[in-house]
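One structure below.
So that the names make sense, note that chain A is the first sequence line, chain B the second, and so on, each numbered from 1.
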Number of protein chains: 2
Amino acid sequence: MKENSQERLLRLLSLFADEEKGEWSVDEASVHLGISASQTYRYFRTLASAGYISAYTTGRYVLGPAIIELDRKLRIGDPMIHAARSIMREMLSTAPSASIAILCRYFRGQVMCVHEEFETYQHHEISYERGQPRPLYQGAASKVILANLPLRQARAYFNHAPDKFNQFDLGANWTEVKRSLRELRSQPAIITAGELGTSASGISAPIYDDKRVLGSVSLVLPITVATEEVTSSLMPVVAAAGQEMTSKMQHLAQLQQ
Amino acid sequence: MKENSQERLLRLLSLFADEEKGEWSVDEASVHLGISASQTYRYFRTLASAGYISAYTTGRYVLGPAIIELDRKLRIGDPMIHAARSIMREMLSTAPSASIAILCRYFRGQVMCVHEEFETYQHHEISYERGQPRPLYQGAASKVILANLPLRQARAYFNHAPDKFNQFDLGANWTEVKRSLRELRSQPAIITAGELGTSASGISAPIYDDKRVLGSVSLVLPITVATEEVTSSLMPVVAAAGQEMTSKMQHLAQLQQ
DNA sequence: AACAATTTTTTCGTATTGTGATAATTTTGC
DNA sequence: GCAAAATTATCACAATACGAAAAAATTGTT
């Protein structure tokens, strides 16, 4: 873990992504990163004057407006999200009302929702909230990615949390897990119910970029309407969306101007 | 403009906030930043492996998932947004339906919407889109910040775009501008109509942090319902919201644990 | 208003490493 | 398969990032 000064700066910024801690003082960050106080002050100043963090009161720093600005650009300009929009809307139009469509991405050994589409805005129990990393073993949108990962990687993740894999019905040992992953891969789309919260059911298909899996597209239905009939009729719809995304992503790679 | 390596890295990342260019190749960034190609490659690699940018196809880089992750944390954890939520909702409840409430922040000599609240989701002509910097001279949410800036700063901005100041009725020369800013400051909230797009009208009040202006809260109404009566009756509501925000921000500064 | 306690900035010498130029390597498009 | 582009590796040197400690500025309290 040889680290240069830019990587340290980004690591400091990443502190602010921490799930349970949203604000940092210089001292806290200093001890957490193992950097001297004076240097940490220099980092804070650099990030603050560029707008990435901001002192909402003396000594307490939180994320700054530059993040919002970049997020807007990503929302507007990201090629994958752009390609997904129409596909997700079409998929959504065939689903029961109160369903939502989500686009997830494999990121840092986890799965993160990067875009959602819904017919009408309404509060739903958030299963995959945009921007919140989720583990690979829980929920359809995650499992379909896990199942399409190279076996070596899947195994590494299994070794890291075997109990969780068992808890979410992926198997108690590697042989079982390997078998259930193969089983999941053999289906056009995979279905789970109540794995994230208790009120939602998911139907997911993988998205590829040439060889390796990039992410997944999913429909999330209220579990009350997710009967066997409904989900099995939607399975080919979601599977088609995944394939369409895959071909669009490969198309994109050609069109570079 | 002495710049260290971390500042250069952030300047590279900020390229991706550019309004008309969402993707960069190493060469383009290299010439744009005036950095050697080899070093630009190193910067790209650093940003990419931390997830801040991502190559969606060989040689073309766009913003990466880490941005989404940080934006979520900001949405959830930002103290100013947190304080504003209930105030904005209450303000919204007294406004005509199809109105929205926005929270803006003074940032880099511009004004940026950092949060919006609405009763029901619906497509409206976006006047202040979240994350898009807007000039100080255009629209109520901007003008109220401009009017409460130190005169020296206001004058600097005026000198930078005097024609724009005139176009948006702030005056043709500094004496006139100074007078109209004083006039704006004297009102509890300020009202504009049709300055951003033609279909919206804005009512805005400033938010202070101790001495200097931090941002503004605003109601944005469909121009069709924004009659003289309606807006003048809402003016005190918005003004009160601004004052409440100001006192909440000052309260926050005390509560540091 | 004066004081103590933080927070932030400077100074400074040294070792670290960031840097550009060039070459080597890998990946990609045809 | 080959040509072209993209990416990484090598290297030598100057630039600067770094920690420690002191100075300055800001803040909270009496």
Round to a whole Å and report the spacing from [atom1] of [X] to [atom2] of [N].
{"X": "A:Glu3", "N": "C:dT16", "atom1": "CD", "atom2": "P", "value": "16 Å"}
{"X": "B:Glu23", "N": "D:dA6", "atom1": "CD", "atom2": "P", "value": "13 Å"}
{"X": "B:Asp209", "N": "D:dT27", "atom1": "CG", "atom2": "P", "value": "10 Å"}
{"X": "B:Tyr41", "N": "C:dG20", "atom1": "OH", "atom2": "P", "value": "15 Å"}
{"X": "A:Phe44", "N": "C:dT10", "atom1": "CZ", "atom2": "P", "value": "18 Å"}
{"X": "A:Arg42", "N": "C:dC12", "atom1": "CZ", "atom2": "P", "value": "14 Å"}
{"X": "A:Arg60", "N": "C:dT7", "atom1": "CZ", "atom2": "P", "value": "8 Å"}
{"X": "A:Asp27", "N": "C:dT8", "atom1": "CG", "atom2": "C1'", "value": "11 Å"}

Among [options], find the nucleotide with the atom closest to the side chain of [X].
{"X": "A:Arg45", "options": "C:dT28, D:dG28, C:dT10", "answer": "C:dT10"}
{"X": "B:Ile35", "options": "C:dT27, D:dT26, C:dG20", "answer": "C:dG20"}
{"X": "B:Ser38", "options": "C:dT19, C:dT8, D:dA9", "answer": "D:dA9"}
{"X": "B:Tyr61", "options": "D:dT7, D:dA20, C:dA21", "answer": "D:dT7"}
{"X": "B:Val26", "options": "D:dT26, D:dT7, D:dG19", "answer": "D:dT7"}

**Request:** Check the pair A:Ser14 / B:Tyr52 against side-chain hydrogen bond (donor to acceptor under 3.5 Å, both in side chains), numbers first and verdict last.
**Result:** CA-CA 10 Å; A:Ser14 296; B:Tyr52 289 88; 3.1 Å; yes
Within the structure, does a side-chain N or O atom of [X] lie under 4.0 Å from either OP1 or OP2 of [N]?
{"X": "A:Asn4", "N": "C:dT17", "answer": "no"}
{"X": "A:Arg8", "N": "D:dA17", "answer": "no"}
{"X": "B:Gln6", "N": "C:dT17", "answer": "no"}

**Request:** Kindly compute the distance separating CG (A:Leu149) from CG (A:Leu181), expressed to the nearest 0.5 Å.
**Result:** 9.5 Å
**Prompt:** Taking atom CZ of A:Arg85 as the centre, does the number of heavy atoms from other residues, nucleotides or ligands within less than 6.0 Å exceed 12?
**Reply:** yes
**Nearest-nucleotide 5' precedence on DNA chain C, B:Ala37 against A:Ala37** = A:Ala37
**Request:** Could you verify whether a donor N or O on one side chain and an acceptor N or O on the other, from B:Arg8 and B:Thr40, lie under 3.5 Å apart?
**Result:** no
**Message:** Under a plain distance cut-off of 3.5 Å, with no hydrogens placed, do B:Asp78 and A:Tyr56 share a side-chain donor-acceptor pair?
**Reply:** no
**Message:** Using salt bridge (charged side-chain N to carboxylate O under 4.0 Å, His left out), reason through B:Glu129 and B:Arg134 one step at a time and then give a plain yes or no.
**Reply:** CA-CA 9 Å; B:Glu129 184 184 0; B:Arg134 290 287 188 184; over 6 Å; no
**Request:** For the helix from C:dA4-D:dT27 to C:dG29-D:dC2, measure the angle between the helix axis at one end and the axis at the other, each built from five pairs, rounding to 10°.
**Result:** 70°
**Prompt:** Is the closest side-chain heavy-atom distance between B:Ser25 and B:Arg60 below 4.5 Å?
**Reply:** yes
